[in-house]
Amino acid sequence: QVQLVESGGGLVQAGGSLRLSCTASGLPFSNFAMGWFRQTPGNERDFVAAISWSGASTFHAESVKGRFTISRDNSKNTVYLQMNSLKPEDTAVYFCAATEIVTKKPDSYDHWGQGTQVTVFS
């Protein structure tokens with residue numbers, strides 16, 4: 001049974017930082033590309049960042065470039081999202097997801113975590 005468990009969300013003041021973690025089990029983690037998405041009430045799930053299985057290739061949404069960084073540690077079955085210079089508009093539920101081929105399209109991801117809330121106040 002595949003499980004993706006996110007952690008690290010919380011309440012932070014604008015300009016602050018958070019690091020999200022997502023630990024996977026039940027799948028060959030190093031064979032999967034990983035992605036981070038976010039969603040606010042009434043809206044679709046938006047792409048934030050993705051990383052290839054090896055970590056050699058990373059992709060970030062324009063809205064987070066220069067502020068967020070995706071990384072992974074295959075020895076720990078964990079993918080991270082370092083979020084700096086947070087803005088109130090970054091407030092959302094953040095989800096990690098796994099897919100065989102790295103992509104920005106949420107429909108292409110096979111496995112999803114339960115999400116972690118990030119709230120940025122000004």
Side-chain angles (χ1 to χ4, degrees):
Q1 179 180 351
V2 176
Q3 278 195 313
L4 302 178
V5 180
E6 300 100 334
S7 61
L11 185 66
V12 64
Q13 192 169 19
S17 298
L18 285 174
R19 187 176 81 154
L20 304 183
S21 300
C22 171
T23 300
S25 60
L27 79 170
F29 182 75
S30 60
N31 289 355
F32 278 78
M34 299 296 295
W36 285 98
F37 295 81
R38 64 188 181 186
Q39 188 172 26
T40 54
N43 293 310
E44 294 183 350
R45 205 163 285 189
D46 291 333
F47 170 75
V48 176
I51 187 167
S52 62
W53 64 270
S54 67
S57 299
T58 60
F59 306 88
H60 297 81
E62 287 296 325
S63 59
V64 307
K65 273 184 181 178
R67 300 188 299 122
F68 292 10
T69 303
I70 190 171
S71 62
R72 68 189 295 160
D73 184 340
N74 286 347
S75 70
K76 296 181 179 179
N77 285 9
T78 300
V79 62
Y80 305 97
L81 185 67
Q82 178 66 44
M83 305 188 296
N84 299 327
S85 302
L86 281 159
K87 304 175 181 180
E89 51 263 44
D90 294 319
T91 295
V93 177
Y94 284 72
F95 298 88
C96 72
T99 183
E100 292 189 5
I101 299 175
V102 66
T103 177
K104 299 178 182 180
K105 301 177 181 178
D107 290 348
S108 297
Y109 282 76
D110 305 304
H111 308 288
W112 291 83
Q114 82 289 350
T116 185
Q117 176 70 47
V118 171
T119 302
V120 184
F121 64 94
S122 58

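Here the structure is a predicted model, which is why all the values come from computation and not from measurement. The basis for the numbers below is simple: all heavy atoms, side chains too, and nothing from hydrogens, waters or symmetry mates.
- With Glu6 contributing its side chain and Gln114 its backbone, the two residues share a donor-acceptor pair below 3.5 Å.
- Minimum heavy-atom separation, Ser71 to Val79: O-CG2, 3.1 Å.
- Across Ala14 and Pro88, no two heavy atoms sit closer than the pair CB-CD, 4.1 Å.
- The cluster map of Ile, Leu, Val, Met, Phe, Trp and Tyr, joined by side-chain heavy atoms under 4.5 Å apart, puts Val64 and Val12 in the same cluster.
- A distance of 8.5 Å separates CD in Glu44 from CG in Asp107, rounded to the nearest 0.5 Å.
- Shortest non-hydrogen contact noted between Thr40 and Asn43 is OG1-ND2, 2.7 Å.
- Under 3.5 Å, the side chains of Ser17 and Asn84 contain a donor-acceptor pair of N or O atoms.
- In the hydrophobic clustering of this structure, Phe47 groups with Phe95; members are Ile, Leu, Val, Met, Phe, Trp, Tyr whose side-chain heavy atoms approach within less than 4.5 Å, directly or through other members.
- Side-chain contact between Leu20 and Val118 is present, with at least one heavy-atom pair separated by less than 4.5 Å.
- Judged purely by atom type and a 3.5 angstrom limit, Arg72 has no side-chain atom pairing as donor or acceptor with the backbone of Asn77.
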Stepwise side chain to side chain contact (heavy atoms under 4.5 Å, CB included) test for Asp110 and Glu100
CA-CA 8 Å; Asp110 305 304; Glu100 292 189 5; 4.3 Å; yes
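- Side-chain atoms of Thr91 do not come within 3.5 Å of backbone N or O of Thr119 as any donor-acceptor pair.
- In plain terms, the two heavy atoms of Tyr109 and Ala97 that are nearest each other are CD2-CB, 3.3 Å.
- Counting all heavy atoms, side chain and backbone alike, Ala98 lies closest to Leu4 at N-CD1, 3.9 Å.
- Nearest heavy-atom pair across Leu81 and Ala49 is CD1-CB, 4.1 Å.
- More than 12 heavy atoms of other residues, nucleotides or ligands shown are found within 6.0 angstrom of CD on Gln117.
- Hydrophobic clustering (side-chain heavy atoms under 4.5 Å, transitive across Ile, Leu, Val, Met, Phe, Trp, Tyr) keeps Tyr94 apart from Phe59.
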Can you list, pair by pair, the side-chain donor-acceptor contacts under 3.5 Å of residues 28-36, counting residues two or more places apart and other chains?
| residue | atom | partner | partner atom | Å |
| --- | --- | --- | --- | --- |
| Trp36 | NE1 | Tyr80 | O | 3.4 |

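- Legend: salt bridge (charged side-chain N to carboxylate O under 4.0 Å, His left out) pairs involving residues 74-98, not counting sequence neighbours, sorted by first then second residue: Arg38-Asp90, Arg67-Asp90.
- Using a 4.5 Å cut-off between side-chain heavy atoms of Ile, Leu, Val, Met, Phe, Trp and Tyr, with links allowed through other members, Ile51 and Trp53 fall into different hydrophobic clusters.
- Once rounded to the nearest 0.5 Å, the distance linking CD of Gln82 with OG1 of Thr69 reads 7.0 Å.
- In this structure, His60 contributes its side chain and Ile70 its backbone to a donor-acceptor pair below 3.5 Å.
- Below 30°, between 30° and 60°, or above 60°: for Phe37 and Trp112 the angle between ring planes is between 30° and 60°, a tilted geometry.
- For the residue pair Thr78 / Thr23, a side-chain donor-acceptor distance below 3.5 Å is found, with atom types taken as modelled.
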